[in-house]
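One structure below.
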Amino acid sequence: MVRHDILNLLVAAQAEEYVSGERVSQHLNVTRAAIWKQIKVLREEGFVIEAQTKNGYRLLQTPFALNEWVLKQVLTTASLGCKINLEDELESTNDRAKELACQSGIHGQVVLAKCQNAGRGRLQRQWESPRGGLWMSVVLRPNLSLADASKITLAASVAIVDALDELFKLRVGIKWPNDLVFNGQKIAGILGEVVGEWNAVRTLVLGMGINVNFPREQLSASLNATTLQEIMGYEVDLNKVAATILKNLENELAYIEGKEFERLRLSWSEKAVGLGEEVRVLRGEHVFDGTFKGISIDGALLLETEDGEKSFSAGEVQLRSKMTEYF
Ligand code: BT5
């Protein structure tokens, strides 16, 4: 794409250096007028490009909005993000990723949408996905049994928490199993789905939704939710957030494939909210009260009750706090 070629030329220039229209035009074999047209499109996409009649062009700032070229520039992964599909609008990035997984099934393929019309949570719950959020799904074909593959959603929680800490010094907590919360309000959710029969294809789609660059008011008032913009007071580079999460996730996946489960259990536990506290677990009509002791190596919740220790796997139960408002 000519636009990407122009950007490549601009970043290849030394800092503070201008690239003349003449040079771009010769290099890409297009007219200077055509280049000017593309520069205008790039500016509309959020690139800040200085244009001086005498000196030429200079790239001053890349957009904070999702942009395939910028994302590729900041990605440091080996496999995750090897292929990127970025759409303006999708029903659900998980659904598109599943379609792509069925067609080609490339490990590491990433699907992003600037907004989703039918974003999904677990159990067909709705996931509100306005513009400015990070709505991202990754196709994974890990070398794991299904039981171990289910740990990938725990790894995703850890990858996101670490990324927000690394980039913004923001400490969010994990509410078992996969909700990310700040001051008790949900800021991100994770949806892992197996594609087809595990033994046949060993493919899963990992969806991650993070409320980033939009005000809290864009979500339904009834939700106990917050956004990064609300917490920090400013917008951030979505491409950097995505790239950092993918880097962390790639590392966590390598640990899981190397069967270093205790490492994942510990780093998950460090970030958990409610550990050691009195909680209530709801399984259908049944209520269990006890102390939240931690998670097992498989990610099951361990509850110390009057009748001894009980374990609950994710998906079958709901967790409630008995004391505070953070759940
Ligand atoms: C989740 O489900 O938390 C998983 C969310 C996964 C979303 C990503 S976005 C990219 C990919 N494509 C998709 O279609 N999905 C994934 P669950 O634990 O079931 O929580 C769902 C509940 O969270 C809803 O019932 C609401 O109460 C609440 N909720 C909905 N939208 C929210 C938002 N934007 N922020 C915070 N809470 C929200």
Side-chain angles (χ1 to χ4, degrees), residues 66 80-81 84-101 109-140 150 152-157 159-161 163-164 172-195 204-231 238 241-242 245-246 249 273 281-282 299 301 312-320 325-327:
L66 286 172
L80 302 192
I84 295 169
N85 287 67
L86 167 61
E87 307 284 343
D88 187 60
E89 222 171 288
L90 279 177
E91 302 236 299
S92 152
T93 56
N94 260 39
D95 291 350
R96 173 57 61 83
K98 275 182 174 173
E99 284 164 22
L100 293 170
Q109 177 153 23
V110 169
V111 178
L112 295 139
K114 292 191 176 173
C115 69
Q116 298 184 117
N117 301 321
R120 292 184 290 109
R122 292 171 300 154
L123 308 168
Q124 303 303 320
R125 287 191 281 249
Q126 195 198 340
W127 182 258
E128 297 185 14
S129 319
R131 257 166 220 283
L134 183 64
W135 322 124
M136 171 163 80
S137 300
V138 193
V139 177
L140 298 171
S150 65
I152 290 175
T153 52
L154 298 174
S157 305
I160 298 172
V161 173
L164 298 181
V172 304
I174 307 175
K175 183 200 156 194
W176 181 87
N178 295 312
D179 284 355
L180 302 189
V181 293
F182 184 79
N183 283 341
Q185 294 173 318
K186 187 158 168 176
I187 188 166
I190 292 154
L191 177 66
E193 296 181 292
V194 171
V195 181
L204 63 90
V205 163
L206 178 66
M208 292 167 276
I210 312 176
N211 302 329
V212 186
N213 290 338
F214 59 87
R216 158 73 188 88
E217 291 71 42
Q218 290 196 18
L219 298 171
S220 301
S222 60
L223 295 181
N224 187 20
T226 189
T227 75
L228 204 64
Q229 183 177 314
E230 201 68 33
I231 299 168
L238 274 175
V241 179
I245 291 170
L246 291 172
L249 185 64
V273 290
V281 172
L282 310 176
L301 177 138
F312 300 90
S313 63
E316 59 163 1
V317 293
Q318 288 189 317
L319 181 61
R320 294 268 185 277
E325 283 300 310
Y326 59 63
F327 285 172

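Just so you know, ligand 1 is whichever comes first in the structure, and atom 1 is the first atom listed for that ligand.
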- Message: Can you confirm whether Q126 sits close enough to S220 that some side-chain heavy atom of one is under 4.5 Å from a side-chain heavy atom of the other?
- Response: no

- Message: Do L134 and M208 have side chains that approach each other closer than 4.5 Å (heavy atoms only, starting at C-beta)?
- Response: no

- Message: Can you work out which protein residues put a heavy atom within less than 4.0 Å of ligand 1?
- Response: S92, T93, N94, Q116, G119, R120, G121, R122, R125, Q126, W127, E128, M136, S137, D179, K186, G189, I190, L191, G207, M208, G209, N211, L219, L223, A225

- Message: Under the salt bridge (Lys or Arg N to Asp or Glu O under 4.0 Å) definition, can you give me all pairs with a residue in residues 91-101, not counting sequence neighbours?
- Response: E87-R96, D95-R120, R96-E99, K98-E193

- W135 vs W127 aromatic rings, parallel, tilted or perpendicular, using cut-offs 30° and 60°? perpendicular

- Message: Among L86, N94, L246, I210, which residue satisfies the side chain to side chain contact (heavy atoms under 4.5 Å, CB included) criterion with M136?
- Response: L246

- Note on the structure: Taking every heavy atom of R216 against every heavy atom of T226, the minimum-distance pair comes out as CD-CA, 4.2 Å

